[in-house]
Amino acid sequence: MSSPTSDNPTPDAARSLNFIEQIVEADNQSGRWGLWPAGGAASTVACRTPSKPGDASHSISRAGKPRVRTRFPPEPNGYLHIGHAKSICLNHGLARRYDGVFNLRFDDTNPTKEEQEYVDSIIRDVRWLGGDFDPTTGPYAGGLYFASDYFRQMYDFAVELIKKGKAYVCHLSAEEVSRRRGTPQIPATSPDRDRPVEQSLRFFDEMRRGVHPDGSMTLRAKIDLASPNFNMRDPVMYRIVHEHHHNTGGDWCIYPMYDWAHGLEDSLEEITHSICTLEFENHRPLYDWFINAINEGRTDDGSGPWGRKIHHPQQIEFAKFRPNYTVLSKRNLLKMVQDKVVSGWDDPRMPTISALRRRGCTPEALRKLMEDVGVSKVESMIDLVRLENAVRDHLNKTAPRAMAVLRPLKVVIENWPEGKVDQLDYVINPEDLERSGESAKRKVPFSRVLYIEQDDFMENPPKKFFRLAPGNEVRLRWAYIIRCTGVTKDASGAITEVRCTYDPATRGGDIPLGPDGKPIRKVQGTIHWVSAEHAASAEIRLFDRLFKTEEPGSATGNWMDDLNPSSLEVVRAFIDPHVAQTARYHADRGEGDRFQFERLGYFCVDKDSSPGKLVLNRTVTLKDTWAKEAAKS
RNA sequence: UGGGGAUUGGUGUAACGGUAGCACAGCUGACUCUGGAUCAGUUAGUCUAGGUUCGAAUCCUAGAUCCCCAGCCA
């Protein structure tokens, strides 16, 4: 999803085609959607971003290639979550793979639920994920659109359907419509469906002009009250809502229903493949009906009584991304925000894209995850360890290393002179082959009093415990080999400090070589440490999954019952002073610097940080095979 | 009880009438100054029952299980 030249030119080529790609390739073969004209990808509808690329390096030559146009159509009624990421990756990935274009379009047809804040957050998240929609910055970008910009056009189409006898104004209340809905065997009823066209035209005009109160009447499509598909039982096309709209303000008091609007939006933007989730499969016949109804009496050259035919996209449905140990519906996410179960939409425990970003997840990792899980129609549950693995994978290669101690235990090096400080070489990232020589290193201070992790010392260790214990040797990462000589305890018997001696011949952590060129002894364990007098203090937030069960609510029916009460733990840690001096939060990107605290995991700077106060999030731990080993016994 | 979908190892996904493959997880081992990473090896699968065929995950028939649909939400 990054630029086509910056990484492997055909990153997807090795993988077999998913079923949607197979459809696209078949369409491209048959020429179903025609070819791109020489003029480029500008669409005929209003676009909020420049339609012409602003910089030649951000454009590709599309002329003569098969047309592929996709879109991501969110409703701005909440923040985007990891499920949306799949749709963004899929739609943008298709545009990229087939030299097509990708639109971001807000499906903003319900002013009672939608807000500008959500519009802004969605734009931010889509950009961050790499779904470039702005033609001045991305070669596959088709522009930014709003369904509400088409309200006039949709209204005209609706009037056309009334005139064609395919829609009527219905005076039934919502409750009455519901009551008359019928059952699979019993048809619905509607008293107004044979109302004269002129009457419906007059009422619809009155609806538009604000003559009637909310809920008093609707415009309905005249399809089939007996259809076994309830979506076809004369669905509502317009309802009256006297409400301010974030985009159109007070221009309208009738708003199109999703089912009426969505297919038209795709049509107007000349979307070729309208990709949506499985639950809309039942709606596809309705979308097809709407387009066909508009096209009735229209012709390819516009010579008919109703003008030129409109574009008829193909809808394709795929299974949602459904992770375990979380909820995903915007209603539930909103409830957690409102009930203050979390600190906000971007609380790092949330499954939202903004939360993942705040937690330290990278867009590369998210894209890799979506590539890994694939696209199909099988409703499956994705184990979140896949996300963690994707994050580890990317961060392992890119994150600079540092040391920090989360639960400190004091260590005194008895044979190290008081006041002496050694500046040792520290390898920034052994996995990063780009770094070499001196640029691959920095300094880390060592002194007589250190902190190590409480877990890294045991007074009575079990077998296979390779860390520090009385009489044992251990390597301090990039520093010295030390041997534990004893412990100091307080009155209650708790260990207050560990006493050690160091071996001066092991500076840098290297073991001296014998005459045979091999190390003269072996040390099993290497542990991390910080120098007590040099360490900086930081607040570190450790996260666990938000829910205790894979499918929240599956047992009791109430998903809130399964909230994990200990999903957040805050510790005061000692960290490498270099991190404290250099790590920053970048408000412009909405990201904090990321790094690995060795043996602990990946961490990033949180936005709550301020000059005197560093706050870090643990993105994900490192794999811990010792924990598994310890659990066995 | 109407309509629309789905069903391949623990998980996800290929195979489009011709050797059931890949990834993740698991397990074994190697290597290692992160019990990390890396490398090598390995366990494990076609919902069921019939049928067509030289040959079926794939085609046919019947059944099972799961998901979606009766908002003036999207």
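Chain letters run A, B, ... following the sequence lines, proteins first, then strands; residues in each count from 1. Note that the coordinates shown come from a computational prediction; the quantities given were computed from them, not determined experimentally.
Heavy atoms of A:M381 sit under 4.0 angstrom from primed sugar atoms or phosphate atoms, though from no base atom. Looking at heavy-atom distances under 4.0 Å, A:H262 makes no contact with the nucleic acid at all. Using a 4.0 Å heavy-atom criterion, one finds that A:F597 contacts no nucleic acid atom at all. The residue A:Q524 sits apart from the nucleic acid: no heavy atom pair falls under 4.0 Å. Residue contacts for A:G374: at a heavy-atom cut-off of 4.0 Å it reaches no nucleic acid atom on any strand shown. Nucleic acid contact class of A:R233 (heavy atoms, under 4.0 Å, all strands): none. Using a 4.0 Å heavy-atom cutoff across all strands shown, A:F280 reaches at least one base atom of the nucleic acid. No engagement by A:D259 is indicated, since no non-hydrogen atom pair under 4.0 Å with the nucleic acid exists. Nucleic acid contact class of A:G525 (heavy atoms, under 4.0 Å, all strands): none. Using a 4.0 Å heavy-atom cutoff across all strands shown, A:Q22 reaches at least one base atom of the nucleic acid. When heavy atoms are screened at a 4.0 angstrom cut-off, A:T112 is found touching no nucleic acid atom at all.
Computed from coordinates, the A:D224 CG to B:G2 C1' distance equals 13 Å when rounded to whole Å. Rounded to whole Å, atom C1' of B:G71 lies 15 Å from atom CZ of A:R179. A:L600 places its CG atom 15 Å from the P atom of B:A37, with the value rounded to the nearest Å. Atom CZ of A:F318 and atom P of B:G12 are 16 Å apart (whole Å). To the nearest angstrom, C1' of B:C31 lies 15 Å from NZ of A:K518. Between the CG atom of A:N77 and the C1' atom of B:A74 there is a distance of 7 Å, rounded to whole Å. Rounded to whole Å, the distance from CH2 on A:W478 to P on B:U32 is 14 Å.
For A:K222, the NZ atom is densely surrounded, since the number of other residues' heavy atoms within 6.0 Å is greater than 12.
Using a 90° window around 0 for the glycosidic torsion, B:G71 falls inside it and is classed as syn.
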Write down the protein N/O and nucleotide N/O pairs, taken from nucleotides 26-29 of chain B, whose separation is under 3.5 Å; answer none if there are no such pairs.
unit_1, atom_1, unit_2, atom_2, d
B:G26, OP1, A:K628, NZ, 3.0
B:C27, OP2, A:K628, NZ, 3.3

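Picking from B:G2, B:A70, B:A74 the nucleotide with the shortest atom distance to the side chain of A:N110 gives B:A74. For A:N18, the listed nucleotide lying nearest its side chain is B:A14; candidates were B:C72, B:C73, B:A14. The side chain of A:R599 has B:U34 as its nearest neighbour among B:U34, B:C72, B:A14. Of the candidate nucleotides B:G5, B:G2, B:A74, B:A74 has the atom lying nearest to any side-chain atom of A:T109. The side chain of A:D624 lies closest to B:G35 when the candidates are B:A74, B:G35, B:C69. Closest contact between the side chain of A:V378 and the listed nucleotides B:C72, B:U7, B:U34 involves B:U7. The A:P228 side chain lies nearest to B:G2 when the options are B:G35, B:G2, B:A74. With distances taken from any side-chain atom of A:E281 to the nucleotides B:C73, B:G4, B:G35, the minimum falls on B:G4. When distances are taken from the side chain of A:N282 to each of B:A70, B:G12, B:C68, the shortest belongs to B:C68.
Residue side chain A:E431 reaches the base of B:G36 through a donor-acceptor N/O pair under 3.5 Å, judged by distance alone. Donor-acceptor pairing under 3.5 Å, judged by distance alone, is absent between the side chain of A:N231 and the base of B:C69. Under 3.5 Å, the side chain of A:Q185 and the base of B:U1 form no donor-acceptor pair of N or O atoms. Taking 3.5 Å as the limit, the base of B:C66 and the side chain of A:E379 contain no donor-acceptor pair of atoms between them.
Shown are A:Q596, A:R401, A:R435, A:E434; of these, the side-chain hydrogen bond (donor to acceptor under 3.5 Å, both in side chains) with A:N429 is made only by A:R401.
Residue-nucleotide stacking is not present for A:F230 and B:A70, judged by a side-chain ring centre under 5.5 Å from the six-membered base ring centre and planes under 30° apart. The side-chain ring of A:F466 is stacked on the base of B:G35, judged by centre separation under 5.5 angstrom and plane angle under 30 degrees.
In this model, the phosphate group of B:U13 is not approached by any side-chain N or O of A:S16 to a distance below 4.0 Å at OP1 or OP2. Between A:T625 and B:G36 there is a side-chain polar atom (N or O) within less than 4.0 angstrom of OP1 or OP2. Between A:R181 and B:C69 there is no side-chain polar atom (N or O) within less than 4.0 angstrom of OP1 or OP2. The shortest distance between the side-chain N/O atoms of A:R477 and the OP1/OP2 oxygens of B:G36 is not below 4.0 Å. Side-chain nitrogen and oxygen atoms of A:T526 include none within less than 4.0 Å of the OP1 or OP2 phosphate oxygen of B:U34.
Residues A:E598 and A:R477 are paired through a salt bridge, judged by an N-O separation under 4.0 Å between the basic side chain and the carboxylate. Salt bridge A:R181/A:E176: absent, no basic N to carboxylate O contact under 4.0 Å.
Aromatic rings of A:F106 and A:Y145 (six-membered ring for Trp) have centroids beyond the 6.0 Å cut-off, not under it.
Taking the six-membered ring where the residue is Trp, A:F280 and A:H283 present perpendicular rings, their angle passing 60° and hence far from 30°.
In terms of modelled atom types and a separation under 3.5 Å, the side chain of A:R467 and the main chain of A:F457 share no donor-acceptor contact.
Searching all strands for a Watson-Crick or G-U wobble partner of B:C27 with both distances below 3.5 Å returns B:G41. Searching all strands for a Watson-Crick or G-U wobble partner of B:G21 with both distances below 3.5 Å returns B:U13. Searching all strands for a Watson-Crick or G-U wobble partner of B:C73 with both distances below 3.5 Å returns nothing. Pair check for B:C59 finds B:G51; Watson-Crick or G-U wobble, both atom distances under 3.5 Å. Nucleotide B:C66 forms a pair with B:G5, judged by Watson-Crick or G-U wobble geometry with both contacts under 3.5 Å. In this structure, B:G36 makes no Watson-Crick or G-U wobble pair, since no nucleotide meets both defining distances under 3.5 angstrom.
A cation-pi contact links A:R208 to A:Y155, judged by a cut-off of 6.0 Å to the six-membered ring centre and 45° from its axis.
Considering only heavy atoms from C-beta on, A:C361 comes within 4.5 Å of A:L387 through its side chain. Side chains of A:Y602 and A:L622 form a contact here, defined as non-hydrogen atoms less than 4.5 Å apart. Side-chain contact between A:S531 and A:F446: absent, with no pair of heavy atoms (C-beta onward) separated by less than 4.5 Å. A:I511 places a side-chain heavy atom less than 4.5 Å from the side chain of A:V523.
Checked by atom type, the side-chain pair A:Y79/A:E117 shows a donor-acceptor distance below 3.5 Å.
Projected onto RNA chain B by closest heavy-atom contact, A:D214 and A:E279 fall at different nucleotides, the more 5' of which corresponds to A:E279.
Non-hydrogen atoms lying under 4.0 Å from RNA chain B are contributed by A:R386, A:N389, A:N396, A:R401, all within residues 384-405 of chain A.
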(request) Let me see the working for A:E453 and A:R599 under salt bridge (charged side-chain N to carboxylate O under 4.0 Å, His left out), right down to the final yes or no. (result) CA-CA 10 Å; A:E453 213 69 56; A:R599 304 209 302 134; over 6 Å; no

